[in-house]
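Here the structure is a predicted model, which is why all the values come from computation and not from measurement.
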Amino acid sequence: MKKGPGLFSDFGKKAKDLLNKDYTSDQKFTISSSSYTGLALTSNIVNKGGLSSGDVAAQYKHRNAVVDFKLDTESNILTTLTITDLHPSAKTVASFKLPDYNSGKLEVQYFHEHATVATAVGMKKSPAVDFSATIGTPGIAFGAEASYVTSSGEFTKYNAGVNMTKPDSNASVVLADKGDSLKVSYLHHLNQLNGGAVVGEIARKFSTNENTLTVGCSYLVDPHTLVKAKLNNHGNLGALVQHELRPKSFLTISGAFDTKALEKTPKFGLALSLKP
C-alpha cells in the first residue's frame, strides 16, 4: 500500500536501525509461534540490572484486520487494532492501554503517490493531536511533523526534514526539538561487505553546542551470521554478532566499551529468539 514518499517517522530509519537495532546490555529470551489460522503468540523474559520482567503477546490476523494484545508483569494490558484498506490507500490504527484509561489513541494514515499524511488523536478530554505530512517521491521526500496539546493550546514539538533514497543508499537531514537539534545521516550498502553497509551520523544540539559523530558498519560473514560495530567521538564502542540458529531463530551477543575509560567494566548483552 505504501507507494509514495513514506511516513515522516521513516526519515533516517535505516541508518538508525543499523546503529541501534539489536544492541543491548540486558539478557533477553523470546519464544514465538504461529498457526495457519492467523494467530501468533510471543513470550519475552528480560533481565535488566538484576531485575526480571516479561510479557506475553498475541496477534491475530484476519483479512484486512490485525489485533495485537500484550500483557506484561506489571499488569499493563496493551491492545492495538490495525485495519488496512478500510478506505483505498488508508490505514487505521486504534490502541489503548489498561489500567490507564486515558491512553487510548486513534491514528489514520493516508498514502498517495506523491504525499503521505498521518494524524493521531488521543481518546480523552482535551487530547493531544499529532500530525505529520510528507511530499515527494520514494526517491526524495520533504516532510514535517507537529504535536498540538488542545488543553494548553501549545505545540509541544515540531520537526522538519528531507529524506533521499536510492537502491544502494539512504540520506536524511532532520531538524528536531523545535529547531534545537539537527541530525544528518547517510547509509551506503557495499558489495565488499557481502550485502552489509556503512553508516555515518552527525547530531548537533544548538543550545549546548554539543556534537556527536557516530560511524558504524554491518558485515555478513555468511548467510547466517551478521557482525555489526559502531563508534562515536566520545569513545563509545559497540559491537555485536548475530547468528541464525535455524530459520527465524537468532542468537545475538553484544558488547559496549568506553575506550576513554578502559578501567570501567564493559557491558555485555545476550538475546535468544526462538521460533519453533
Side-chain angles (χ1 to χ4, degrees), residues 1-21 64-68 70 78-97 100 102-166 169-187 199 201-207:
M1 183 172 60
K2 295 182 179 181
K3 55 186 179 181
L7 296 168
F8 182 81
S9 58
D10 293 332
F11 282 21
K13 185 178 184 300
K14 292 182 179 180
K16 182 179 179 180
D17 285 348
L18 195 153
L19 291 174
N20 298 286
K21 188 177 180 180
N64 64 333
V66 179
V67 179
D68 291 280
K70 180 184 287 187
L78 175 63
T79 302
T80 304
L81 172 62
T82 304
I83 301 176
T84 57
D85 298 329
L86 187 64
H87 181 276
S89 301
K91 179 179 179 180
T92 304
V93 181
S95 64
F96 63 90
K97 185 176 182 179
D100 184 5
N102 293 321
S103 63
K105 180 180 287 188
L106 177 64
E107 181 178 3
V108 177
Q109 302 172 357
Y110 177 74
F111 301 91
H112 185 267
E113 185 177 358
H114 296 295
T116 299
V117 178
T119 303
V121 182
M123 297 290 98
K124 63 178 181 180
K125 186 177 180 180
S126 300
V129 180
D130 298 323
F131 176 82
S132 69
T134 60
I135 59 173
T137 67
I140 181 169
F142 301 86
E145 67 176 355
S147 182
Y148 179 78
V149 180
T150 57
S151 59
S152 61
E154 297 179 349
F155 285 95
T156 56
K157 75 172 182 181
Y158 39 84
N159 308 321
V162 57
N163 188 74
M164 291 163 284
T165 301
K166 292 183 178 181
S169 64
N170 177 263
S172 68
V173 179
V174 176
L175 184 65
D177 300 326
K178 298 181 179 180
D180 186 47
S181 65
L182 179 69
K183 182 176 290 186
V184 181
S185 65
Y186 178 76
L187 177 145
V199 62
E201 180 185 87
I202 300 175
R204 175 172 175 79
K205 194 169 182 64
F206 296 106
S207 59

Pairwise distance NZ(Lys124) to NZ(Lys105) - rounded to 0.5 angstrom: 9.5 Å

From CD (Glu107) to OG1 (Thr92), nearest 0.5 Å: 9.5 Å

Sequence-distant partners of Lys13, salt bridge (Lys or Arg N to Asp or Glu O under 4.0 Å), two or more places apart: Asp17

Ring pair (Phe, Tyr, Trp, His ring centres under 6.0 Å) partners of residues 134-160, not counting sequence neighbours, each pair once: Tyr148-Phe155

Partner set under salt bridge (Lys or Arg N to Asp or Glu O under 4.0 Å) for Glu145, not counting sequence neighbours: Lys157

Trace of the side chain to side chain contact (heavy atoms under 4.5 Å, CB included) decision for Phe111 with Leu7: CA-CA 9 Å; Phe111 301 91; Leu7 296 168; 4.1 Å; yes

Side chain to side chain contact (heavy atoms under 4.5 Å, CB included) against Thr137, all qualifying residues, sequence neighbours excluded: His114, Ile140

Minimum heavy-atom distance Thr150-Ser126, with the two atoms named: OG1-C, 2.9 Å

Under 3.5 Å donor-acceptor, Thr79 side chain and Phe96 backbone: no

Heavy-atom closest pair, residues Val117 and Phe131: CG1-CE1, 3.5 Å

Under 3.5 Å donor-acceptor, Asp130 side chain and Ser147 backbone: no

Closest heavy-atom pair and its distance - Thr165, Lys14: CG2-NZ, 4.3 Å

Distance, nearest 0.5 Å, that separates CG of Asp10 from CG of Asn163: 8.5 Å

Modelled atom types, side-chain donor and acceptor of Asn170 and Ser172, under 3.5 Å: no

Gap separating the OG1 atom of Thr82 from the NZ atom of Lys91, nearest 0.5 angstrom: 6.0 Å

Residues in salt bridge (Lys or Arg N to Asp or Glu O under 4.0 Å) contact with Asp177, at least two apart in sequence or another chain: none

Exam field: side chain Thr134 to backbone Phe8, donor-acceptor pair closer than 3.5 Å: no

Separation of Leu175 CG from Phe206 CZ (nearest 0.5 Å): 6.5 Å

Minimum heavy-atom distance between Ala94 and Leu106, given as atom pair plus value: CB-CD1, 4.0 Å

Least distance between heavy atoms, Ser185 atom then Gly12 atom: OG-CA, 4.1 Å

Closest contact, heavy atoms only, Ala118 versus Gln109: CB-CG, 4.0 Å

Nearest-0.5 Å distance that lies between atom CG in Leu187 and atom CD in Glu201: 11.0 Å

Salt bridge (Lys or Arg N to Asp or Glu O under 4.0 Å) against Asp180, all qualifying residues, sequence neighbours excluded: Lys205

Donor-acceptor under 3.5 Å (Ser103 side chain, Lys97 main chain): yes

